[in-house]
Amino acid sequence: MASQGLTYDGCNFFRQRLVLSTLSGKRVKIRNIRSKDDNPGLRDFEASFIRLLDKVTNGTRIEINQTGTVLFYQPGLLYGGVVEHECNTQRSVGYYLEALLMLAPFMKNPLKAVLKGVTNDPTDPSVDKLKYTSIPVMKKFGIDGEGLELKVVRRGMAPGGGGEVLFTCPVRKTLRPVQLSEPGKIKRIRGIAYSVRVSPQMANRIVDSARSILNKFIPDIYIYTDHMKGDKSGKSPGFGLTLVAETLNGTFLSAEQVSTPQGQGDPVLPEDLGRNCAKLLLEEIYRGGCIDSANQSLALVYMTLGQQDVSKALLGHLSPYTIEFLRHMRDFFQMMFKIETQKPSEDERKGGDKVLMTCVGAGYTNISKSIK
């Protein structure tokens with residue numbers, strides 16, 4: 001590990017840097033973390049994230065200065081195994097899970113992680129969204145089998161939390177390259193409307209209002225209602241909706257909306273929430289592509305770390321997060337993507353501008369997989 005480390009400034013894209021550092025084995029130093037802030041240094045949820053990385057790796061060295069404004073991170077080996085982590089309630093479990101999804105296939109032992117905390121909040125992708133969209137993306141890269149599962153054991157809404165999520169993932173020696181250039185037409189819409197510690201009628205009201213918009217476009221819509229009670233309902237009241245559109249070629253595009261957390265602003269009506277979520281789904285379908293906007297960076301990681309073969313993926317409009325991610329990819333893996341924009345013609349009705357990302361995998365193999 002005599003390779004030169006990388007140095008960054010500021011607290012932005014914190015997870016990207018640490019995840020890519022762990023995968024590439026390059027140490028990283030992050031300076032000036034909120035150094036101008038009244039309350040400088042790492043936040044609790046970031047410290048919790050570092051602890052989670054420490055639990056799934058072996059031999060990781062982490063040094064943080066007195067004020068928490070400088071972090072030095074020297075990655076160890078991805079070990080995996082059984083992990084239990086109490087996620088900080090400032091961010092949802094999705095914040096932590098996104099990173100685990102990237103790391104899980106490259107562990108030494110299959111990962112079995114139990115994450116506790118907030119399962120649905122307005123800022124991060126919820127566990128439901130990751131379950132419906134990220135898991136199919138992983139399957140496309142050959143990470144599948146009965147070992148791959150993401151399950152909401154208990155729901156926990158912001159701000160109290162109290163939810164619990166089980167994530168298990170098998171390990172793979174190499175990932176297979178993908179050719180995802182035809183998203184296909186939408187064939188059905190599925191969804192889940194959940195409510196905890198409020199009237200179960202809320203979920204039905206959400207479903208009705210979402211259907212009122214979506215029924216104009218496609219008849220095959222089914223939205224499950226999920227009302228968890230008792231100890232499965234976490235500590236705070238709330239409700240929300242996750243919608244997923246599936247295409248003929250097995251692409252999943254999703255959108256979600258969550259009620260305003262208790263005591264953090266004006267309450268939201270279930271009818272408005274359902275309608276807004278349906279509109280967000282239509283917007284996501286307009287953006288289109290073979291990978292929805294929440295999983296762009298996940299797919300790009302898998303493409304980069306695949307076998308030394310060409311991978312292609314058609315994405316919708318690149319999010320700012322993904323653009324920054326590509327820059328980090330170049331830093332950590334010297335990986336450059338060929339990016340071609342495709343403008344669908346007016347009469348095709350294929351939605352917004354698309355981007356075709358092409359790369360040759362880095363031939364990254366999981367060194368710790370034991371040879372039987």
Side-chain angles (χ1 to χ4, degrees), residues 94 120 122 125-137 139-140 180-195 200-227 238-260 268-296 298-299 313-319 322 341-356:
N120 306 83
S126 71
V127 179
D128 303 279
K129 185 168 185 173
L130 295 175
K131 176 179 171 174
Y132 288 124
T133 59
S134 304
I135 300 291
V137 169
K139 285 181 176 161
K140 287 191 171 126
L180 306 171
S181 51
E182 264 305 312
K185 291 205 174 341
I186 307 286
K187 66 172 174 183
R188 59 169 166 227
I189 292 176
R190 294 285 175 266
I192 181 164
Y194 48 85
S195 55
Q201 203 50 44
M202 291 289 190
N204 301 339
R205 285 165 64 185
I206 294 174
V207 173
D208 290 342
S209 60
R211 292 191 67 126
S212 70
I213 286 186
L214 297 173
N215 268 340
K216 297 172 191 162
F217 300 97
I218 192 169
D220 187 356
I221 301 174
Y222 198 89
I223 303 174
Y224 298 92
T225 53
D226 170 43
H227 181 72
F239 49 86
L241 171 64
T242 303
L243 290 174
V244 186
E246 186 187 343
T247 70
L248 293 166
N249 296 355
T251 295
F252 293 84
L253 305 167
S254 78
E256 61 180 356
Q257 229 16 58
V258 186
S259 60
T260 319
V268 57
L269 275 174
E271 283 78 9
D272 296 345
L273 184 131
R275 276 195 295 272
N276 289 344
C277 190
K279 285 173 188 163
L280 284 172
L281 181 70
L282 296 177
E283 213 166 281
E284 184 63 55
I285 292 171
Y286 177 78
R287 267 189 232 121
C290 293
I291 310 279
D292 77 325
S293 52
N295 294 301
Q296 287 176 350
L298 179 71
L314 187 71
L315 304 181
H317 192 72
L318 294 182
S319 65
T322 309
T341 49
Q342 297 188 352
K343 281 196 187 316
S345 58
E346 288 297 309
D347 50 342
E348 269 188 305
R349 301 175 96 177
K350 290 263 183 79
D353 296 352
K354 308 282 186 287
V355 185
L356 184 66

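The shown structure was predicted, so the numbers you read here are calculated from the model rather than taken from an experiment. These numbers come from the heavy atoms of this one structure, side chains and all, not from hydrogens, waters or symmetry mates.
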Working for salt bridge (Lys or Arg N to Asp or Glu O under 4.0 Å), residues D272 and R275: CA-CA 5 Å; D272 296 345; R275 276 195 295 272; 2.9 Å; yes
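- Closest approach of L318 and V355 over heavy atoms only: CG-CG2, 4.3 Å.
- The CG atom of L253 sits 13.0 Å away from atom CG of L280, with the distance rounded to the nearest 0.5 Å.
- Within a 6.0 Å radius of NZ in K139, other residues, nucleotides and ligands contribute 12 heavy atoms or fewer.
- Counting only distance, with no hydrogens or angles, the side chain of K140 and the backbone of G250 share a donor-acceptor pair below 3.5 Å.
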Q) Yes or no on side-chain contact (heavy atoms from CB on, under 4.5 Å) for L281 and Q257, after CA distance, side-chain angles and deciding distance? A) CA-CA 10 Å; L281 181 70; Q257 229 16 58; over 6 Å; no
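- When all heavy atoms are compared, the tightest approach of P200 to S195 is CA-OG, 4.1 Å.
- Here the closest non-hydrogen pair linking N249 and P183 is CB-O, 3.6 Å.
- In terms of heavy-atom proximity, R188 sits nearest to D220 at CB-OD2, 3.4 Å.
- Inter-residue side-chain proximity for P136 and F252 is flagged as met; some heavy-atom pair is nearer than 4.5 Å.
- Distance check, rounded to the nearest 0.5 Å: CE of M202 to CD of E271 gives 8.5 Å.
- Distance check: Y224 OH to L241 CG gives 14.0 Å after rounding to the nearest 0.5 Å.
- Remark: the backbone N or O of S319 is paired with a side-chain donor or acceptor of Q296 at under 3.5 angstrom.
- Under the side-chain hydrogen bond (donor to acceptor under 3.5 Å, both in side chains) criterion, E283 pairs with no residue, sequence neighbours left out.
- The structure places CG of L180 at 9.0 Å from CG of L314, a figure rounded to the nearest 0.5 Å.
- When every heavy atom of I285 is checked against every heavy atom of A245, the shortest pair comes out as CD1-CB, 3.9 Å.
- When all heavy atoms are compared, the tightest approach of S259 to V268 is CA-CG1, 3.5 Å.
- At a threshold of 4.5 Å between non-hydrogen side-chain atoms, the residues L282 and I213 count as touching.
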**Asked** What's the verdict on side-chain contact (heavy atoms from CB on, under 4.5 Å) for L243 and L214, showing C-alpha distance, side-chain angles and the deciding distance?
**Response** CA-CA 11 Å; L243 290 174; L214 297 173; 3.9 Å; yes
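- Taking CD1 from I192 and CD1 from I223, the interatomic distance works out to 10.5 Å, rounded to the nearest 0.5 Å.
- Atoms NZ and NZ, on K354 and K343 in that order, are 11.0 Å from each other to the nearest 0.5 Å.
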| field | Pair S293-E284, side chain to side chain donor-acceptor pair (under 3.5 Å): steps then yes or no | value | CA-CA 8 Å; S293 52; E284 184 63 55; 2.8 Å; yes
ask   = What do the steps show when you test D292 against K129 for side-chain contact (heavy atoms from CB on, under 4.5 Å), and what is the final call?
value = CA-CA 11 Å; D292 77 325; K129 185 168 185 173; 4.0 Å; yes
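- Put simply, the side chain of S209 gets close to the backbone of I206: a donor and an acceptor are under 3.5 Å apart.
- Checking each of T225, N120, T242, D226 against Y194 for a side chain to side chain donor-acceptor pair (under 3.5 Å) leaves exactly one that passes, namely N120.
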